[in-house]
Amino acid sequence: MNYYILTLFPEMVMSGLNTSIIGRGIKNGHISIEAINIRDYATNKHGTVDDYPYGGGAGMVMQAEPIYLAYEALRQRIGSKKPRVIYLTPQGKTFSQGMAAEYAKEEELIFLCGHYEGVDQRILDMIVTDEVSIGDYVLTGGELPAMVMIDTISRLVSGVLNNDDSAVFESFHSNLLEYPQYTRPAEFMGRKVPDVLLSGDHAKVEQWRYEESLRITKERRPDLLELSAGERENAWIGTADKQRQQEM
Ligand code: 6GU
């Protein structure tokens, strides 16, 4: 999987994604991430990439030309005719685990990060294939959403996670929230690990974990239990991991 991020803040996305599991995925060659500075494609002498909105109103709008030039240079370099271009915007479709599983099948993804009050509509019409939001709140730019999406998609790319990374992986209980986890010591400041986890009885442990998952899901996310099969497929966290488990 090769990610390309069109942004005004390349160092922000690169430093955020170079650590931990995603950083290891890059080192191992399972994924690659390249940030492209839209400002490098500014055509006026001041290097500005935004201007006042036609019709008036607050804020600035990112101009079409620098984004188009950055996109076109990238497209020619990677030799892809019509690559998938994701524009991060609160106006987009809300990102979900189901969408992440779909994106994980692609060979390359281009992210376009907007700033200011948005980007010129014509660039959306010309190059953007998908508009995506990460939830119902407003951020100052698309960089954090792009990082959220890349993290989510990358853990579904074959080889990025090893078996130690994911407890969800071992779970049969898709569509439920995770059960509580404990590690040594068996007692911490008077608080004991539940006896069943020390019992060595695998069936009992599985039963306890399932009941805890169900209890926590009912308490915190009853909506997950009420979804139709199709909605669950798209919403939930266990689905894609289960798919991966079957593939391996
Ligand atoms: Cl994708 N962009 C911005 N600016 N704010 C957001 C968002 C995206 N998703 C949720 N809030």
Side-chain angles (χ1 to χ4, degrees), residues 1-19 22 31 33-39 41-42 48-68 70-71 74 83-106 108-157 220-221 223-224 227 231 234-237 239-240:
M1 169 69 82
N2 302 308
Y3 302 105
Y4 303 92
I5 308 164
L6 304 175
T7 172
L8 291 172
F9 301 96
E11 61 296 334
M12 176 181 178
V13 286
M14 291 313 288
S15 60
L17 291 167
N18 251 325
T19 51
I22 303 305
I31 57 177
I33 305 177
E34 184 184 331
I36 291 144
N37 194 341
I38 295 166
R39 202 174 297 284
Y41 295 86
T48 54
V49 292
D50 62 328
D51 207 335
Y52 298 99
Y54 275 118
M60 302 290 272
V61 177
M62 283 173 71
Q63 292 172 291
E65 190 178 33
I67 298 171
Y68 187 78
Y71 164 80
L74 173 63
R84 212 151 175 186
V85 180
I86 301 165
Y87 175 53
L88 291 314
T89 169
Q91 278 73 52
K93 179 175 171 182
T94 307
F95 189 49
S96 68
Q97 194 65 35
M99 284 160 70
E102 285 304 308
Y103 286 132
K105 295 174 187 165
E106 300 283 334
E108 73 241 332
L109 290 171
I110 301 175
F111 293 88
L112 171 60
C113 302
H115 254 264
Y116 315 111
E117 292 306 303
V119 310
D120 191 300
Q121 180 62 36
R122 289 166 292 188
I123 210 71
L124 305 184
D125 299 341
M126 290 167 75
I127 72 168
V128 168
T129 58
D130 304 46
E131 296 192 30
V132 180
S133 162
I134 61 163
D136 290 337
Y137 40 82
V138 181
L139 298 161
T140 55
E143 283 75 14
L144 286 169
M147 290 160 73
V148 165
M149 287 186 67
I150 288 169
D151 190 291
T152 309
I153 295 163
S154 295
R155 60 186 289 288
L156 304 178
V157 170
R220 299 180 192 176
R221 292 293 307 277
D223 57 301
L224 289 177
L227 296 179
E231 286 168 328
N234 200 43
W236 181 233
I237 306 171
T239 310

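For ligands, and for the atoms within them, numbers begin at 1 and follow the listed sequence.
The nearest pair of heavy atoms linking M14 to I33 is CE-O, 3.3 Å.
For F9, the ring-ring contact (aromatic ring centres under 6.0 Å, His included) partners at least two apart in sequence or on another chain are H115.
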Do any nitrogen or oxygen atoms of ligand 1 lie under 3.5 Å from a protein nitrogen or oxygen, and which ones?
{"residue": "ligand 1", "atom": "4 (N)", "partner": "L139", "partner atom": "O", "Å": "3.1"}
{"residue": "ligand 1", "atom": "5 (N)", "partner": "L139", "partner atom": "N", "Å": "3.0"}
{"residue": "ligand 1", "atom": "9 (N)", "partner": "S133", "partner atom": "OG", "Å": "3.3"}
{"residue": "ligand 1", "atom": "9 (N)", "partner": "I134", "partner atom": "N", "Å": "2.9"}
{"residue": "ligand 1", "atom": "11 (N)", "partner": "Y137", "partner atom": "O", "Å": "2.5"}

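More than 12 heavy atoms of other residues, nucleotides or ligands shown are found within 6.0 angstrom of CG on D223.
A donor-acceptor pair shorter than 3.5 Å cannot be found between the side chains of T89 and E131.
At distances below 3.5 Å, at least one donor-acceptor pair connects side-chain atoms of T129 with backbone N or O atoms of V85. Judged purely by atom type and a 3.5 angstrom limit, S154 has no side-chain atom pairing as donor or acceptor with the backbone of D151.
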